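Structure first, commentary second.
If you're wondering where the values come from, they're calculated on a predicted model, not measured in any experiment. The chains referred to below are lettered A, B, ... by the order of the sequence lines, with proteins before strands, and numbering in each begins at 1.
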2 protein chains.
Amino acid sequence: MKNPGDIPTQIKDRELVDQRRMQIVDAAVGLFVDKGFHRTTTREIAAAAGISIGLLYEYVTSKEDVLYLVCEAIHKEVEKGVSEALQSKTQGYQKLAEIIREYFLVCHRMSDHILLIYQETRTLSSPWRRRVLENELRITEIFVKALEELVKSNQISNLSPRMINLIAHNIAVLGHMWTFRRWSLSHQYSIEEYTKLQTEFILAKFKAG
Amino acid sequence: MKNPGDIPTQIKDRELVDQRRMQIVDAAVGLFVDKGFHRTTTREIAAAAGISIGLLYEYVTSKEDVLYLVCEAIHKEVEKGVSEALQSKTQGYQKLAEIIREYFLVCHRMSDHILLIYQETRTLSSPWRRRVLENELRITEIFVKALEELVKSNQISNLSPRMINLIAHNIAVLGHMWTFRRWSLSHQYSIEEYTKLQTEFILAKFKAG
DNA sequence: ATTATCTATAGATCTATAGATAATGC
DNA sequence: ATTATCTATAGATCTATAGATAATGC
């Protein structure tokens, strides 16, 4: 697995590169969330990161690179949140419910960021875009694993692997749905109720078979 | 309900306005889908519509207006597709399944367009954005109605109105999911299989209660 | 001496409009 | 005479880089 290190730079000090890029990403996330990618200028990014425009271009080769770094950082954060829930010692339905709950809470916390990914992934050129989609798929895989475990534990009706896979995608997307339908959903539900109802909805298929 | 007629114009001939704007929208949709809103120039839109840049600005006041007209046209098309399915004479589960099927097929046909709305809604200024979201909600309402009918027909377990409402949102979003996860889903499922599995998944909640 | 950083700006681009011209209808 | 349309461009803006300067480490 290649890393953000793929973006070329003239700067020799590896650690400095990491540190500065983190600075840049932190500054850019805020601006992108606020004004969108296209309405944010590279000068603004540099200013918010506390460096000059010239220096910015020592650490990235284009504005697009900044967007890629931002997307990468967001996905890493989401994945971290979900992975933690995987450690839980509970079993069966309970465990799946916990994972969903943790995931939905991450979506809630990172609402603006997830929205940003939906809006700007297409802006990335093909190789970067592919990586962002791989990240998305990796998160979906976590749900596949959790569902398979549940099926193996035999407490539940048998479901085809194709159905399992689809439900994993559904879980991923129903978490995102909270972010991109927030304008409507948040007036009707708290994140708690939303999570409860959706969990019920998702588990129904397991109980019914 | 106000109409696209809210966008001011100096042109007196009402019909001409409608016709030219249709021309502009048709041209713009293709370009936006292809290159995105921000990478499309007003000159390109004018050229694709077969009019001069000067004339373009007689029919819209800004590039953003064009985007709004495009979003409006897309939603109208989606709504038309779903409304047709509502006329069906079947009853109960069967009817819901038909509506879902018709809706998913519309999403399939208009994949690029729906994606465009996800990506560019935020670009719109607040009043236009609000209208686009209202359109989205109107489509969701169609599903609410269909679900309520099903519940009233008494063949099924009782579900709270809050759950009904949420499931309506889920149906809307699971149709969209086919468009924004196409890069993965279309490798694994045909739209037919996708529709079949998702319908099964959604209906499970009704059978289980 | 080498590496990191900054200032200043070239060069490209794009939206929106002013002013001129062509088409239409009385 | 009025309405629709076109040409030409003002004015604003933005990315990316060249060349100069400051900081660092031997």
Side-chain angles (χ1 to χ4, degrees), chain A residues 4-28 30-32 34-70 120 123-125 128, chain B residues 4-28 30-32 34-70 120 123-125 128:
Chain A
D6 300 19
I7 297 171
T9 173
Q10 303 305 326
I11 305 294
K12 320 277 176 174
D13 183 339
R14 204 63 222 163
E15 274 184 41
L16 185 56
V17 171
D18 291 345
Q19 183 228 307
R20 285 274 190 243
R21 283 186 176 165
M22 214 183 305
Q23 240 178 293
I24 293 167
V25 166
D26 286 346
L31 290 164
F32 291 169
D34 232 49
K35 332 173 42 168
F37 174 75
H38 291 279
R39 277 197 277 253
T40 301
T41 70
T42 50
R43 313 187 92 89
E44 288 173 313
I45 297 170
I51 61 177
S52 73
I53 178 72
L55 190 59
L56 176 69
Y57 277 93
E58 294 292 338
Y59 290 96
V60 296
T61 59
S62 69
K63 191 182 170 190
E64 193 198 331
D65 283 354
V66 178
L67 179 57
Y68 169 65
L69 289 172
V70 163
E120 302 297 357
T123 305
L124 293 169
S125 64
W128 290 156
Chain B
D6 300 18
I7 297 171
T9 173
Q10 302 305 326
I11 306 294
K12 318 278 174 171
D13 183 340
R14 206 63 224 161
E15 275 183 41
L16 185 57
V17 171
D18 290 345
Q19 183 228 307
R20 286 273 189 245
R21 282 185 177 165
M22 215 184 305
Q23 241 177 294
I24 293 167
V25 165
D26 286 346
L31 290 164
F32 291 169
D34 232 49
K35 334 173 41 169
F37 174 74
H38 291 279
R39 277 197 278 252
T40 301
T41 70
T42 49
R43 312 187 94 87
E44 290 172 311
I45 297 171
I51 60 175
S52 74
I53 177 71
L55 190 59
L56 177 69
Y57 277 94
E58 295 292 340
Y59 291 95
V60 297
T61 59
S62 69
K63 191 182 170 190
E64 194 199 329
D65 283 354
V66 178
L67 179 57
Y68 169 66
L69 289 173
V70 163
E120 304 296 359
T123 305
L124 294 168
S125 64
W128 290 156

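When each of B:Gln19, B:Arg21, B:Glu15 is paired with B:Val17, the side-chain contact (heavy atoms from CB on, under 4.5 Å) condition holds for B:Arg21 and for no other.
Ring geometry for A:Phe37 versus A:Phe32: interplanar angle over 60°, hence perpendicular rather than tilted (30 to 60°).
Nearest to the side chain of A:Ser52, among D:dA4, D:dA16, C:dC6, sits C:dC6. Nearest to the side-chain atoms of B:Tyr59 among the listed nucleotides D:dT17, D:dA4, C:dT5 stands D:dA4. Relative to the side chain of B:Lys63, the nucleotides C:dT5, D:dA4, C:dT15 differ in distance, and C:dT15 lies closest.
Per the geometry, CG belonging to A:Asp65 stands 14 Å off P belonging to D:dT15, to the nearest Å. D:dC6 atom P lies 17 Å from atom CD of B:Gln10, rounded to whole Å. Between the P atom of C:dA4 and the CG atom of A:Leu56 lies a distance of 16 Å, rounded to the nearest Å. The interatomic distance linking A:Ile53 (CD1) with C:dT5 (C1') rounds to 13 Å, in whole Å. Between A:Lys12 atom NZ and C:dT3 atom P the separation is 5 Å, expressed in whole Å. Atom CG of A:Leu16 is separated from atom C1' of D:dG25 by 15 Å (rounded to the nearest Å). The interatomic distance linking A:Glu58 (CD) with D:dA22 (P) rounds to 17 Å, in whole Å. One atom, CG of A:Asp18, and another, C1' of C:dA4, lie 16 Å apart when rounded to the nearest Å.
In this structure, A:Thr40 and B:Asp13 both approach DNA chain D, and ranking their closest nucleotides by distance from the 5' end singles out B:Asp13.
Side chains of B:Glu64 and B:Ser125: a donor-acceptor N/O pair is present below 3.5 angstrom, by distance only.
Contact annotation: B:Thr42 side-chain N/O to C:dT15 OP1/OP2 distance is under 4.0 Å. Close to D:dA16, at under 4.0 Å from its OP1 or OP2, lies a side-chain N or O of A:Tyr57. Between B:Arg43 and the phosphate of C:dT13, there is no side-chain N or O to OP1/OP2 separation shorter than 4.0 Å.
Contact annotation: side chain of B:Arg39 to base of C:dT13, donor-acceptor pair absent below 3.5 Å.
Using a 4.0 Å heavy-atom criterion, one finds that A:Thr61 contacts no nucleic acid atom at all.
Between B:Glu58 and B:Arg20 there is no salt bridge, since no side-chain nitrogen of the basic residue lies less than 4.0 Å from a carboxylate oxygen of the acidic one.
Here the straight-line distance linking atom CD1 of B:Ile11 with atom CG of B:Leu55 works out to 6.0 Å at 0.5 Å rounding.
Remark: C:dT21 base-pairs with D:dA4. Criterion, Watson-Crick or G-U wobble with two distances under 3.5 Å. C:dT9 is paired with D:dA16 under the criterion used here, namely a Watson-Crick or G-U wobble arrangement in which both key atom distances are under 3.5 Å.
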